There are 2 protein chains.
Amino acid sequence: MNLKGLSQILGMSQTTVSRALNGYPEVSEKTRKKILAVAAEHNYSPNVRAKSLATGRTNTIGHVILTGDHHQMINPIFGDFIAGAGDVYSAENYEISLSIVKEADEEKTYRALKTRGTVDGVVLHGPKMNDSRIGLLQELGLPFVVHGRASGITSDYSWLDVNNTRAFQRATEFLIDLGHRRIGLFNGFEAMDFAHRRRHGYEKALQAQGIQIDPVIMRSEEMSDSNGYAATHEVLSLPNPPTAILTSSIISAFGVRRAVQDRGLEVGRDVSIITYDDGLSYLANGVDVPIFTATRSSVREAGHLLSQMLIAQIKGDVTGPQSKLLEAELTVGQSTGPAPVSA
Amino acid sequence: MNLKGLSQILGMSQTTVSRALNGYPEVSEKTRKKILAVAAEHNYSPNVRAKSLATGRTNTIGHVILTGDHHQMINPIFGDFIAGAGDVYSAENYEISLSIVKEADEEKTYRALKTRGTVDGVVLHGPKMNDSRIGLLQELGLPFVVHGRASGITSDYSWLDVNNTRAFQRATEFLIDLGHRRIGLFNGFEAMDFAHRRRHGYEKALQAQGIQIDPVIMRSEEMSDSNGYAATHEVLSLPNPPTAILTSSIISAFGVRRAVQDRGLEVGRDVSIITYDDGLSYLANGVDVPIFTATRSSVREAGHLLSQMLIAQIKGDVTGPQSKLLEAELTVGQSTGPAPVSA
DNA sequence: CATGCCTTTCAAAGCGCTTTGATTCGAACA
DNA sequence: TGTTCGAATCAAAGCGCTTTGAAAGGCATG
């Protein structure tokens, strides 16, 4: 059933029917009621392609996510992020267009999104330092909100981020207060903006106490379980091993935990662990008692808030760039304890 | 830049330009070359909405995934599945439309996908037994391929599935061969078709050896780390605890492992674990040495194959339902060993 | 040179909607 | 009774593309 058919059934013009369905005022309540009734009866819903061709709006938000060769991992937080955004999208009648692209095709993808007119705006995932995509999107004139920030970019843009620096500074301070002096940092790729900020917070806390920063117990790599596991074995085999480890993802934290236990050591006694926790639904940090002491900020909530910001921007409800900085909360779990007395 | 503009620059009709760009034969090589050059120079790409309005095709595949209230978890394998499908989609010039819906809105969503004309076909995720969506999609005439199968549905439809029954039968046999007689099963929700089949395989192997099936050491719930953890504590506290546990997901397997170790027991000696492994990129089953003995089938590969099947179907390259049954491979890791001699 | 037949190109219609600018109708007023 | 005005409705144009059916051009044939 299309508009034409519907209007013929009703014996009215397409104009009137269209107006009635879209809530315009220049149609009497009586006819509107009738039109709505008949539309429902015939299960009519407008062809979204035709509608967007006519209006120029698509009611679609683009999400571009990266996938490397088959060895590289897919962003594990995307699922929860999009679940949070999904609620907003359906409430506001937006659809999601998902593009899975290799890094080399990324720019091309954003350009195509614009010129092909598939989306009204995009969410920029995983910003890197000096991320060139920001300039690109500004040049294209495609509305966007960054999930994170991009150090080094001076122009104004919209973003939603967690205070990563503060979170890792706090976590490090917490460990120092427990007496730890040798603290490892297992971070994401340094090129990622969040990793950069986290390292910065970590270093700030160490420096404030005059503790030396030692690259030997720091890592910057994909935050998988296996990497956490391998790195833990490495640093614990050093002549001067860390007594605490700070990890950037609960996924790698599980690997750390596993390695510690495989070495016959006890988590929270021999080795303390603090992790950043995105609140992933399938990998919760315990149910009643937290497994790890963690700095936590829900990525699902981030998806929720960010999508609202983006839609407000697209609709023109706000003008100019907006930003929102969330604070992570530190929850103390079983994975931390006083630094062991050195033998 | 649009078609009209481009054709004016070229001094040709829109017809000719359109044909040249779409590779139709009724245009001379000379003009085609020229048109392609000018199109590239002006960075032209066709408006996808207009194109699909004109052709009736959308070059878009729909994926509908469920999200409950904010407590329920988002399907953790979706990311890897879509990464596998993504390669095919971009190679074939298809886009992805993602819908995040609550279970109650699911039927409405599929109907809307059809009547609003947003997609050419859909992937049906997470089929349940007697899944009503299959009948719905058939009624709507929307091409689809099921990722899994739906026991109880007798009509013909396209699907790609892993031989879940066989996989769990094999795994159970493997444990029995090691001397285990008391084997727990931590499965997904029983309503899910895959869980049903896995239980069936498990029971078949037990029955073949005359081992009694005991619901006390069986679970049917969300396959999260915490559920695996809690369930393990429960069954190991029983007067007659299992010596081996079979889990349906590597995520819950990690929880099982954690619980075993927290009780001071050793995995592979005191308690054996076999898990089903989807080959998730962020939660690999070890790198060199597998952590768990596992029946493995890559969900990424499934995404790859399934999307090819669906596109072939949409294009009309094949007629009638097609299906593909993948076998999971059993890899032996460190998590299994002979059943401990009872005290 | 006229005829016929490809090959190449074009004008125009159509996809399903929105929106502009016109038209109709009835009520209100002088 | 004629005029004015606002409310309700409509016909038609337009969004950017594809595709049908027609036309033009080139070339061999009789």
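This is a predicted model, so every value here is computed, not measured.
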Got a sec? Which of residues 45-54 of chain A come in under 4.0 Å of DNA chain D, heavy atoms?
-> A/Leu53, A/Ala54
Find the distance [X]:[atom1] to [N]:[atom2] and express it as a whole number of Å.
{"X": "B/Asn22", "N": "D/dC17", "atom1": "CG", "atom2": "C1'", "result": "9 Å"}
{"X": "B/Leu3", "N": "D/dT19", "atom1": "CG", "atom2": "P", "result": "12 Å"}
{"X": "B/Leu21", "N": "D/dT19", "atom1": "CG", "atom2": "C1'", "result": "15 Å"}
{"X": "B/Ile35", "N": "D/dC17", "atom1": "CD1", "atom2": "C1'", "result": "15 Å"}
{"X": "B/Met1", "N": "D/dC17", "atom1": "CE", "atom2": "C1'", "result": "15 Å"}
{"X": "A/Lys4", "N": "D/dC10", "atom1": "NZ", "atom2": "C1'", "result": "15 Å"}
{"X": "B/Glu26", "N": "D/dT20", "atom1": "CD", "atom2": "C1'", "result": "11 Å"}
{"X": "A/Leu10", "N": "D/dT9", "atom1": "CG", "atom2": "P", "result": "12 Å"}

Does the side chain of [X] get closer than 4.0 angstrom to OP1 or OP2 of [N] through an N or O atom?
{"X": "B/Tyr24", "N": "C/dT7", "result": "no"}
{"X": "A/Thr16", "N": "D/dT9", "result": "no"}
{"X": "B/Thr15", "N": "C/dC10", "result": "no"}

Starting at the 5' end of DNA chain D, which residue's closest nucleotide do you reach first, A/Pro25 or A/Gln14?
->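 Comparing both residues, the 5'-ward one is A/Pro25.
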Among [options], the nucleotide that comes nearest once only the side chain of [X] is considered:
{"X": "B/Thr31", "options": "D/dT9, C/dC17, C/dT9", "result": "C/dT9"}
{"X": "B/Asn2", "options": "C/dC10, D/dG16, D/dT9", "result": "D/dG16"}
{"X": "A/Arg19", "options": "C/dT18, C/dT20, C/dT9", "result": "C/dT20"}

Which one of B/Val88, B/Val122, B/Ile61 satisfies the side chain to side chain contact (heavy atoms under 4.5 Å, CB included) criterion with B/Leu310?
-> B/Ile61
Which atom pair, heavy atoms only, marks the closest approach of B/Val146 to B/Tyr157?
->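 Between these two residues, the closest heavy atoms are CG2-CD1, 3.8 Å.
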Any chance you could lay out the side chain to side chain donor-acceptor pair (under 3.5 Å) test for B/Arg300 and A/Thr67, step after step, and finish with the verdict?
-> CA-CA 12 Å; B/Arg300 192 158 187 155; A/Thr67 165; 2.9 Å; yes
Does a salt bridge link [X] with [Y], judged by any charged N lying under 4.0 Å from a carboxylate O?
{"X": "B/Asp120", "Y": "B/Arg57", "answer": "no"}
{"X": "A/Lys102", "Y": "A/Asp105", "answer": "no"}
{"X": "A/Glu139", "Y": "A/Arg111", "answer": "yes"}

Taking for each residue the nucleotide of DNA chain C with the nearest heavy atom, is it A/Ser18 or B/Gly11 whose nucleotide lies nearer the 5' end?
->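 Per heavy-atom nearest nucleotide, the more 5' residue is B/Gly11.
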Anything under 30° is parallel, anything over 60° is perpendicular, the rest tilted; go ahead and classify B/Tyr89 against B/Tyr94.
-> tilted
